[in-house]
Amino acid sequence: MHDAASWAARLGGDSFLAQTFNRSYAVIPGQAADVAGLLSWDDLNTILATQRLEPPRLRLSMDGEMLPLHRYALPVTTRRAVTWHRIQPAELQARLAEGASLVLDSIEKIHPPIGAAAEALERFLGTLVQVNAYASWTEREGFGTHWDDHDVVVVQMYGAKRWRLYAPTRTAPTFRDVEAPDQPEGDPAADLVLTAGDVLYLPRGWWHAVSADQGTSSLHLTFGLVTHTGADLLTWVVDQLRSHLALRLDVPRFAPRGEQATYVDELRKEVLTELSDPELVGRWAESVDTTHYGRAVTSLPYIDGLPARPEITVRLTAPRARMTESGPDGTVTLAAAGTAWDFAGQAAPLLRVLLAGQPATLGSLAATADLEVKDVASLLSVLIEGQAASVVGTAL
């Protein structure tokens, strides 16, 4: 699951997008080999030992409550009066044995294999992905029965975990909502046990209670998917209309009612005209895809552009970048990370390689497009400056 094609194959491709995504839960059976290399217990031990992780980034949760930091960590003050909390392994393990669940947020930012998997899932689903790791050892629930305001893709890494699912009690609940969903009643709609390699897709609003009650330790990853609602679409529409005078005029709060009605009518016309465009959702999707900053990283030591070294390895860091080849003079346009670049048509083959998300050397890209390495280095330097690409393998 380190590329978009693997995610598509695992989740069901077009049928998943058309029939399941944002609609209903789904369980996709697997085996341990399917998730090998994403995260091991050794990896987790190393992260905990080498990273300064403070709540809520790292936390222990039991019965729906976050445990106080002093129960598993000690404050350490450096000689320069900087204080941070050092995990005490024995105390941490004691809390876990008592029934606490360990949670590590945004693990994709500190563990490259998970970062690659998150980026690939983002490329497939077209939305930002954050990954949290959860480890549990007992039947005691870390969070109680709850719901999330975003869809999740759960990947069981080791051991087994029980998921009791309850149907939503409010359709499409959101983080900023006018009322809270009612607690579910009765038996769960599904009572599942995930084992190593299994995947669970769960739309937002589905209540769930999760426990490691199968007699084994459990480690799973939750790929959280940022939600896009009608409110988000309307916010984007308003931003598109800011060039129109009607939206820039002051609200006539002290004017006569007739003048206020005329003002509102002008706003209504502008908004309805925009909403009547049958291509509106497609335009919105293209806009949010190509303006998102992606997962930019530095390209040290090359701070003044790339040298023409064929062994330098690069990759695109904007998973939702788009390329169009409709230029009247044969040019191609790459839109990513808030910028659009026009290139000669000969660059199209190498841009297609980059759009697939895999690392490539300057030499291989030059051969693909029948260009000189210096020209490819110049092109990639432009993308790196625009924070749409990065070096992932230096020549030093």
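- Residues His146 and Glu141 have side chains not in contact (no heavy-atom distance under 4.5 Å, counting atoms from C-beta outward).
- When all heavy atoms are compared, the tightest approach of Ser287 to Trp236 is OG-NE1, 3.0 Å.
- In terms of hydrophobic clustering, with Ile, Leu, Val, Met, Phe, Trp and Tyr side chains grouped at heavy-atom distances under 4.5 Å, Ile87 and Ile107 are assigned to a common cluster.
- Looking only at side-chain heavy atoms (C-beta outward), Glu108 and Gln130 come within less than 4.5 Å of each other.
- No more than 12 heavy atoms of other residues, nucleotides or ligands sit less than 6.0 Å from atom CZ of Arg253.
- Look at Asp105 and Arg59 and you find a salt bridge, because one of the NZ, NE, NH1 or NH2 atoms lies within 4.0 Å of a carboxylate O, short of that distance.
- Proximity of Val155 to Val199: side-chain heavy atoms (C-beta onward) are separated by under 4.5 Å at one or more points.
- Under the 3.5 Å distance criterion, the side-chain polar atoms of His85 are left unmatched by any main-chain donor or acceptor of His70.
- Here the CH2 atom belonging to Trp207 is positioned 13.5 Å from the CG atom belonging to Leu165, to the nearest 0.5 angstrom.
- Side-chain contact annotation: Asp265 with Thr262, donor-acceptor N/O pair under 3.5 Å absent.
- Using a 4.5 Å heavy-atom threshold, the side chains of Val129 and Val153 count as separate.
- Shown here is Glu65, whose CD atom has no more than 12 heavy atoms of other residues, nucleotides or ligands within 6.0 Å.
- A donor-acceptor pair under 3.5 Å is formed between the side chain of Arg140 and the backbone N or O of Glu98.
- Rounding to the nearest 0.5 angstrom, the gap separating the NZ atom in Lys161 from the CD atom in Glu139 is 13.0 Å.
- Residues Ser40 and Tyr158 form a side-chain contact, since some pair of their non-hydrogen atoms from C-beta on lies under 4.5 Å apart.
- When the side chains of ILVMFWY residues are joined at heavy-atom separations under 4.5 Å, either directly or via intervening members, Leu48 and Tyr72 end up in a single hydrophobic cluster.
- With a 4.5 Å cut-off on side-chain heavy atoms, Leu354 and Leu334 do not count as touching.
- The shortest non-hydrogen separation linking Ser101 to Leu96 is C-CD2, 4.2 Å.
- The cluster map of Ile, Leu, Val, Met, Phe, Trp and Tyr, joined by side-chain heavy atoms under 4.5 Å apart, puts Leu355 and Val314 in the same cluster.
- Between the side chains of Thr77 and Thr83, at least one donor-acceptor pair of N or O atoms lies under 3.5 Å.
- With hydrogens and angles disregarded, a donor-acceptor distance shorter than 3.5 Å links the side chain of Trp7 to the backbone of Ala117.
- Judged by distance alone, with hydrogens and angles left aside, the side-chain atoms of Asp177 form a donor-acceptor pair with the main-chain N or O of Thr174 at under 3.5 Å.
- The 12-atom threshold is not exceeded at CD of Glu385, counting heavy atoms of other residues, nucleotides or ligands nearer than 6.0 Å.
- Within the 3.5 Å criterion, the main-chain N or O of His150 finds no donor-acceptor partner in the side chain of Asp148.
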Step-by-step side chain to side chain contact (heavy atoms under 4.5 Å, CB included) determination, Leu280 to Glu274: CA-CA 8 Å; Leu280 179 64; Glu274 190 73 6; 4.2 Å; yes
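- Atom CG of Leu272 is surrounded by more than 12 heavy atoms from other residues, nucleotides or ligands within 6.0 Å.
- Between Val332 and Ala348 the shortest heavy-atom distance is CG1-CB, 3.9 Å.
- The shortest heavy-atom contact between Thr317 and Gln387 is OG1-O, 3.7 Å.
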Intermediate values then yes/no, side chain to side chain contact (heavy atoms under 4.5 Å, CB included), Arg162 and Asp191: CA-CA 7 Å; Arg162 183 184 183 188; Asp191 195 335; 2.6 Å; yes
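- Contact of the Leu121 side chain with the Leu225 side chain is registered, since non-hydrogen atoms from C-beta on lie closer than 4.5 Å.
- A donor-acceptor pair is defined here as one N or O able to donate and one able to accept, closer than 3.5 Å; no such pair exists between the side chain of Asp151 and the backbone of Leu202.
- Applying the salt bridge (Lys or Arg N to Asp or Glu O under 4.0 Å) test between Asp289 and each of Arg283, Arg123, Arg322 identifies Arg322 as the sole match.
- Aromatic ring centres of Trp163 and His220: separated by under 6.0 Å.
- The distance from the CH2 atom of Trp84 to the CG atom of Leu74 is 10.5 Å, given to the nearest 0.5 Å.
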Side chain to side chain contact (heavy atoms under 4.5 Å, CB included) assessment of Gln183 paired with Thr169: CA-CA 7 Å; Gln183 286 282 336; Thr169 56; over 6 Å; no
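- Atom CG of Asp213 is separated from atom CH2 of Trp137 by 15.5 Å, given to the nearest 0.5 angstrom.
- In this structure, the side chain of Arg242 does not engage the main chain of Leu247 through any donor-acceptor pair within 3.5 Å.
- A salt bridge does not link Arg57 with Glu54: none of the charged nitrogens is closer than 4.0 Å to a carboxylate oxygen.
- With rounding to the nearest 0.5 angstrom, the OG1 atom of Thr229 is 6.5 Å from the CZ atom of Arg204.
- Panel note: side chain Gln19, backbone Leu17; no donor-acceptor pair is recorded below 3.5 Å.
- In terms of hydrophobic clustering, with Ile, Leu, Val, Met, Phe, Trp and Tyr side chains grouped at heavy-atom distances under 4.5 Å, Leu104 and Leu92 are assigned to a common cluster.
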Side chain to side chain contact (heavy atoms under 4.5 Å, CB included) evaluation trace for Leu379 with Trp341: CA-CA 10 Å; Leu379 185 154; Trp341 297 273; over 6 Å; no
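- Within the 4.5 Å cutoff, the side chain of Val193 has no heavy atoms near those of the Gln156 side chain.
- The shortest non-hydrogen separation linking Pro29 to Asp198 is CA-OD1, 3.4 Å.
- Here the closest non-hydrogen pair linking Gly99 and Thr138 is CA-OG1, 3.2 Å.
- Side-chain atoms of Gln260 come within 3.5 Å of backbone N or O of Pro252 as a donor-acceptor pair.
- Under a hydrophobic-cluster definition in which Ile, Leu, Val, Met, Phe, Trp and Tyr are linked whenever side-chain heavy atoms come within less than 4.5 Å, directly or via other members, Val281 and Val238 are assigned to the same cluster.
- Considering CG of Leu44 and CE of Met157, their distance stands at 10.5 Å, rounded to 0.5 Å.
- Ring geometry, Phe143 versus Tyr134: the interplanar angle exceeds 60°, so the pair is classed perpendicular (tilted spans 30 to 60°).
- With Ser378 contributing its side chain and Lys374 its backbone, the two residues share no donor-acceptor pair below 3.5 Å.
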